[in-house]
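Naming convention: chains lettered A, B, ... in sequence-line order (proteins, then strands); numbering from 1 in each chain. If you're wondering where the values come from, they're calculated on a predicted model, not measured in any experiment. Keep in mind that the numbers below use all heavy atoms, side chains included, and drop hydrogens, waters and symmetry copies.
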Number of protein chains: 2
Amino acid sequence: MLLLRGREAVMRHFRPLLRAHGLSEQQWRILRALSAVDAIEVTELAHDAFLLGPSLSRILRDLETRKLLARKTAREDQRRSMVSITPKGLKLIETVGPFSEAIYAEIARRYGGTQLGELQDLLRALDDSLSAMPVRHAAGAVDSDADSGSTSRGKRRPVKRRAVQGGR
Amino acid sequence: MLLLRGREAVMRHFRPLLRAHGLSEQQWRILRALSAVDAIEVTELAHDAFLLGPSLSRILRDLETRKLLARKTAREDQRRSMVSITPKGLKLIETVGPFSEAIYAEIARRYGGTQLGELQDLLRALDDSLSAMPVRHAAGAVDSDADSGSTSRGKRRPVKRRAVQGGR
DNA sequence: CCGGATCATTTAACATGTTAATCAGTTCGC
DNA sequence: GCGAACTGATTAACATGTTAAATGATCCGG
């Protein structure tokens, strides 16, 4: 909960800037990630921008339409699609970047550089600790009621398919 | 970004448990908040569970249908709606709670109680620092292109209505 | 009173999060 | 080579996030 509140407290200061340039946080993360490389696969980009495939897929479609990035399928493996930022996208980054950095600097100034560094260290350590921790699968949970509602989660009708993925 | 990753690292361990009992994170936060009070107004609940009104409104509708909570409009002010948890909701909390606490304890054990405490302190301090910081409104941004896309944000057509709300 | 302002909540509309399913391209065993 | 299995990306379906608008109730100044 504190993590959620902390993130919101930070983003509250960046959102107006991004919004004024027609960007969402996610779109900004994508363009930033792209600006650091020449070209990148979609899966790798999803990792870098911390987005799930479906979200990324939709946003790429939009940003491609807006000509902020370009895609071309890799020649050696036609499943892969290589994404790269366009000059127009780069220009946008260069326009917004300084303002973003100014906000970041102001946050660091208010919060204190030392604390900010400590916080980052602790967050990285948290990530490391928990990535090594196995996820418990809640065996034996009963869930006697999850289907009595009208729009609750987990209500998709099970399609009764085998768990394997072959047979497309 | 680190805040986002940190939160995801934590929630990854809770989600399977909640899911097995037919609950989303948000629904869990709502029930937890309700279990701590007798009855509460929607706006106050939104604050406690850190949700925006519209999200809360939808989820309340669902949880009410599932009989995990109940609503009744306040007699002194019919705009206000008082929300309270039902016995069924309480029972669910009591069922899931111990497992949730076990997961939390395991996280604390792996990460270290001292670090966890420090992290919490730093997050609270961050929240405090930034809540006192004014939000800059990005005056002068040009946004020459935000409307060239097909599904980008901020593209709702302005309805050209007066800003006042009277006249019903 | 009464009509405009304000307040609490919900609805609307669209973007994103999330899981499952689909689709197309590739790999591998035979 | 060919078909089953696998992989990368997208689509589908639904929940939630987010901003604006609508709705109904209360307040308040004349």
Can A:D127 and A:R124 be counted as an ion pair, charged N to O under 4.0 angstrom?
no
So, are A:R66 and A:D62 salt-bridged, with charged N and O less than 4.0 Å apart?
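The answer is yes: the pair qualifies as a salt bridge.
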Looking at [options], which one has an atom nearest to any side-chain atom of [X]?
| X | options | result |
| --- | --- | --- |
| B:L52 | C:dT26, D:dT10, D:dT19 | D:dT19 |
| B:T43 | C:dA8, C:dG17, D:dT16 | C:dA8 |
| B:R58 | D:dA25, D:dA12, C:dA13 | C:dA13 |

Would you kindly give the CD-to-P distance between A:E25 and D:dG17, to the nearest whole Å?
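Going from A:E25 (CD) to D:dG17 (P), I get 13 Å.
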Only distances under 3.5 Å count here; give the side-chain donor-acceptor pairs of residues 95-112 of chain A to other protein atoms, sequence neighbours excluded, each with its distance to 0.1 Å.
unit_1	atom_1	unit_2	atom_2	d
A:T95	OG1	A:K91	O	2.9
A:Y104	OH	A:Q120	NE2	3.0
A:E106	OE1	A:R109	NE	3.2
A:E106	OE2	A:R109	NH2	3.2
A:E106	OE2	A:R110	NE	3.1
A:Y111	OH	B:L122	O	2.7

DNA chain C contacts among residues 6-13 of chain B, heavy-atom distance under 4.0 Å:
none
Need to verify one output field. Residue with the more 5' nearest nucleotide on DNA chain D, A:R15 or A:G53?
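By nearest-heavy-atom nucleotide position, the 5'-most residue is A:G53.
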Have a look at A:S55 and say if it touches a base, only the backbone sugar-phosphate, or nothing, with a 4.0 Å heavy-atom cut-off.
base
Which part of the nucleic acid, if any, lies within reach of B:L56 when heavy atoms closer than 4.0 Å are counted: base, sugar-phosphate only, or nothing?
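It contacts nothing in the nucleic acid.
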Going by heavy atoms in the side chains, are B:L4 and A:L3 under 4.5 Å from each other?
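Contact flag for B:L4/A:L3 side chains = no.
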If two hydrophobic side chains count as joined below 4.5 Å and joins carry through other members, does A:F50 share a cluster with A:L60?
no
Result for 5'-nearest mapping on DNA chain C, choosing between A:R79 and A:I59, is A:I59
Please report, to 0.1 Å, the donor-acceptor pairs under 3.5 Å made by any side chain of residues 31-48 of chain B, with sequence neighbours excluded.
unit_1	atom_1	unit_2	atom_2	d
B:S35	OG	B:R32	O	2.7
B:E41	OE1	B:R80	NE	3.1
B:E41	OE2	B:R80	NE	3.2

Please determine if a side-chain N or O atom of A:Q27 lies less than 4.0 Å away from the OP1 or OP2 oxygen of C:dT16.
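For C:dT16, OP1 or OP2 has a side-chain N or O of A:Q27 closer than 4.0 Å.
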